Amino acid sequence: MTDVATTAAEHTRRDFLFIATGAAGAVAAASAIWPFVSQMAPDADTIAAGAPVEFDLTPVAEGQIVKLFWRGKLIFVRHRTKTEIKTAVETDVASLRDPEADSVRVKAGKSQWLVVYGNCTHLGCVPLGNDGAFNGWLCPCHGSVFDTSGRIRQGPAPTNLPVPPYEFVSDQKIRIG
Amino acid sequence: MKTFKLIAAAALVSGFLGGVAQAQHAHELAIPPRNEWSFAGPFGKFDKTQLQRGFKVYKEVCANCHSINLLAFRNLGEAGGPGFSQGQVKALASTFKIKDGPNDAGDMFEREGRPADRWPSPFPNKQAAAAANGGALPPDFSVIAKARTYPRDFPWFLVDMFTQYQEHGVDYITALLLGYSDDTHGVEVPAGKYYNTYFPGNIISMPKPLNDGQVEYIKGADGRSQVPETVEQYSKDVSAFLMWAAEPQLEKRKETGFKAIAFLIVLAGLLYFTKKKIWARIEDHHSQA
Amino acid sequence: MSGHSTYVPKSAIGRWFESRLPIMGLIHSSFVVFPNPRNLNYYWTFGGILAFMLVSQILTGVVLAMHYVANVDLAFNSVEHIMRDVNYGWMLRYLHANGASMFFVAVYVHIARGLYYGSYKEPREVLWILGVIIFLLMMATAFMGYVLPWGQMSFWGATVITNLFSALPGVGETIVTYLWGGFSVGNPTLNRFFSLHYLLPFMIAGVVVLHVWALHVPGSNNPAGIEKKTDKDTLPFHPYFTVKDAFAVVCFLIFFCWFAFYIPNYLGHADNYIEANPAVTPSHIVPEWYFLPFYAILRAVPDKLLGVLAMFGSIAILVFLPWLDSSKVRSGSYRPAFQVFFWVFVANAIVLGWLGGKPPEGLYVHASRLCTLYYFAYFIVILPLLGKFERTRPLPASIAEAVLGTSGSASAMAGSVAASPNTKG
Ligand code: HEM
Ligand code: FES
């Protein structure tokens, strides 16, 4: 397969052709792969279904925790008692693993309502309410303990239970999302 | 191989048989006339204003009996469709009551529609739909433009492959809507049924749904509708709308297809010359061997 | 898939690995240095095209399966969900649906190539039979795939085809009930068809490996139908045939894209956009185009059992072809009388396909019978006798001679080789 003596000019022309063909082939392959990757992303239906949900707080009694879903994700709505609020507010923020004051985790003037995502920030299990050393949540999987503000206090979870985007549309009604 | 022989022979034989067959079936079905569609051909695109008009016809007339279960309100504002604004879609959705639930008390309830909701069915179930229509179930419209066609005999079905004629369904629907006639050509039409030139068997349970002036189109600056408010125009508009509803990705498909094919032709050209170059070594290869 | 390789990896890691699993050497000897007859024409690129289509079907199929739901209440809408909401879902689904047709286009060309050039003859009988097995598996796969969207054609196609087995005396009904997992085509049927539709392509891939293995024992047949003798007769697979196959695959892809992007429903049936309804049979039910010739044979026979046997027989007979054809000359290029019968056979198959799509009445039935008769006669009467009576043209002394036309009588023949060797093109 040795080449006959070719002039330098022929050589470059041939090399250019080979490179152009190879490049075009690579572009074709790359563009063919994209749809296969893109189809993994949430589809239009799933995205549209993520529309905000409204939730009426009236039936939630003091001390009660209810669960609801937004975009398929679990959310806790907790009607906190006076003592629960008090311990949450009085905790020394600097001592926390993920320092956050209780006031930034609730809406002003609505501190009895705590709304947080319901999956443990360790590996996603659902913590049990009104349980654990701080009477907030205790995760059954690997023992993470959250306080009444949903902040991580003990165990392997690295961060607090995050607060989803929500707002009060009326005194007793919130809209999540 | 002598491909031409094969094609010629096959053409001859099937052409002959086709001719005979056509003669046999000549009386059977009226062939829907072909219309001009903006979405036909390799560069086809929907005419947004036509889709909006067609949607109005569907909403005001057809939707009384025909569901369109797969159409979500949000689709009406998506790219490649009638191009309603997000605000219009939201406003439209909110005029509908959607059944939801059960709530915490275990009850079903009604709420305002949202863009993500599907178009609510005019009847609670198929049985109710059939019962309300003399026992005939009005078909769902989600993909009806692809679910209907008419037979294309030899050699036309081969020609369609090259001309990309794919609008059999919409042409049929348009023809059907225009196909009502008082002259039943001697066909006995039972009470509560109607004669239609293009419906297979000619006897249809749907009464003539459209009449001139029935649907009011948006008026232009001169105070007049931009297109005639006639049965013919309504039929075409609603057919176009149904084509979009059946194939909302049509525009994207044709655009992508053009890019893909154009690129592949370039690649084929490059490969052709590369191949020639490589095979030119052959003499040398053998002088070495 | 053959021979021992002299391949030595350049890197130390490569050599370390190669001495433990000599896979690079296998690939090198099978697809790099493998000596291919130099006179192969473009009909020989369809093997590569088929391999490409199998991979394409598997890739698109696996992603479709990520979104598809095999349940009678949800299947139809899940396919429409793919078409509307999944990113590029419309593309993946149309590529998959049309890809099945393209697969069959390619396999029919591939089979016709084998029939014309006598590729089934000794020493390639096992290679040929493995091909027939692939063909059968493809048919089963495509049939079950077509059931998945759960439209009217899916449902009634499944009903009719599974009922074929009821023709078997005694055990027929039981077999059909077992196929269905119930007393009619229903949810259990759909679920098992999905499972098998997912499985069979991988079995095809396995048989393809055997097919290539068997191919690499004697090497490819070629338009002249004579075995390679010296190095002069061959060229290394890479780069000569890799680049030629790549060119052919891209040309085929253009054809494929024309269908998938511009006329994606041309090869389908409008009725399959109506959800399955066990209470209403569509007025005109026909299988996919690639089954039509066999469907025509089924309907040509007025007896249920015999019709079914004729249909399966029309494929099974291919297995015996290597022993039915009595000709000593392999390539059809040197058999003028054979060429006539061959092209009539091809035209006959196309006409059978056309008839399979027509209602089974009047003239169509008579024509189907005639065509069915020829189909079987070709294998059972014509090929066994032809080899004994026909006068063949003289064969070239070697492949190189067939290409270059160097010596006397053979060079005169080279021009008349039906598929002119195109080592240049
Ligand atoms: C030999 C390769 C294959 C062939 C010939 C084939 C053929 C088909 C056909 C004819 C259809 C019906 C298309 C339609 O009209 O909608 C289909 C559907 C389907 N196939 Fe395949 N297929 C193959 C491989 C695969 C593989 C490996 C998978 C992987 C799971 C797969 C998954 C599916 C799914 C989920 C559907 C239903 C979606 C749809 O109908 O579009 N296929 N296939
Ligand atoms: S998941 Fe909660 S502690 Fe591990």
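These numbers were taken from a predicted model, which means no experiment stands behind them. In what follows, every heavy atom counts, from backbone to side chain, and hydrogens, waters and symmetry copies are set aside.
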Of the listed B:Thr274, B:Asp140, B:Leu264, the one with the largest count of heavy-atom pairs under 4.5 Å with chain C is B:Leu264
Quick one: does C:Trp258's side chain have a donor or acceptor within less than 3.5 Å of a partner on B:Met161's backbone?
yes
Under 4.5 Å heavy-atom distance to chain B, tell me which part of C:Phe76 shows up: side chain, backbone, both or neither.
side chain
Please examine the side chains of B:Lys146 and C:Asn272, heavy atoms only from C-beta on, and report whether any two atoms are closer than 4.5 Å.
no
Portion of C:Met91 that has a non-hydrogen atom of chain B nearer than 4.5 angstrom:
side chain
Hey, can you tell me if C:Phe247 and B:Tyr272 have their rings parallel, tilted or perpendicular (30° and 60° cut-offs)?
tilted
About how many Å separate CD1 of B:Ile278 and CG of C:Leu235, when rounded to the nearest 0.5 Å?
11.5 Å
Please state whether the side chain, the backbone, both or neither of B:Phe273 comes within less than 4.5 Å of a heavy atom of chain C.
neither
So do the side chains of C:Lys244 and B:Trp279 get within less than 4.5 Å of each other, counting heavy atoms only?
yes
Just by modelled atom types, is the C:Tyr240 backbone N or O under 3.5 Å from a matching donor or acceptor in the B:Arg281 side chain?
no
Honestly, the part of B:Phe258 sitting under 4.5 Å from a heavy atom of chain C is both
When rounded to the nearest 0.5 Å, the distance separating CG of B:Leu267 from CD1 of C:Ile254 is 8.0 Å
Measure B:Ala268 against the heavy atoms of chain C and call it side chain, backbone, both or neither at under 4.5 Å.
both
Could you check which of B:Lys252, B:Glu78, B:Gln164 has the highest count of heavy-atom pairs closer than 4.5 Å to chain C?
B:Gln164
Grab the two heavy atoms, one from B:Asp160 and one from C:Tyr266, that are nearest each other, plus how far apart they are.
CB-CE1, 4.1 Å
Spatial distance of atom NZ (B:Lys259) from atom CZ (C:Phe261) [nearest 0.5 Å]
10.5 Å
Run the side-chain contact (heavy atoms from CB on, under 4.5 Å) test on B:His168 and C:Asn265 for me, step by step, so that the C-alpha distance in whole Å, both residues' side-chain angles and the decisive distance to 0.1 Å come before the verdict.
CA-CA 11 Å; B:His168 311 68; C:Asn265 295 305; over 6 Å; no
Measure distances from B:Gln166 to the heavy atoms of chain C and classify the residue's part below 4.5 Å as side chain, backbone, both or neither.
side chain
Within a radius of less than 6.0 Å around NZ of B:Lys45, do more than 12 heavy atoms belonging to other residues, nucleotides or ligands occur?
yes
Measure B:Arg152 against the heavy atoms of chain C and call it side chain, backbone, both or neither at under 4.5 Å.
neither
Against chain C, label B:Ala145 side chain, backbone, both or neither, depending on which of its atoms sit under 4.5 Å from a heavy atom there.
neither
Here the gap from B:Asn69 atom CG to C:Glu80 atom CD, rounded to the nearest 0.5 Å, amounts to 12.0 Å
Which portion of B:Leu270 sits near chain C, non-hydrogen atoms under 4.5 angstrom:
neither
Between C:Ala246, C:Cys251, C:Pro264, who has the most heavy-atom pairs with chain B when the cutoff is under 4.5 Å?
C:Pro264
Of the listed C:Val249, C:Ile274, C:Val243, the one with the largest count of heavy-atom pairs under 4.5 Å with chain B is C:Val243
Answer yes or no: is there a side-chain heavy-atom contact under 4.5 Å between C:Met83 and B:Pro248?
no
Could you tell me the separation between the NZ atom of B:Lys275 and the OG1 atom of C:Thr242, rounded to the nearest 0.5 Å?
11.5 Å
C:Tyr94 side, atom OH; B:Thr256 side, atom OG1 - distance, nearest 0.5 Å:
13.0 Å
Please classify the contact of C:Ala260 with chain B as side chain, backbone, both or neither, using a heavy-atom distance under 4.5 Å.
backbone
Looking at every non-hydrogen atom in both residues, tell me the closest pair between B:Arg118 and C:Asp85 and how far apart they are.
NH2-OD2, 4.2 Å
Is there side-chain contact between B:Gln249 and C:Tyr88, with heavy atoms separated by less than 4.5 Å?
no
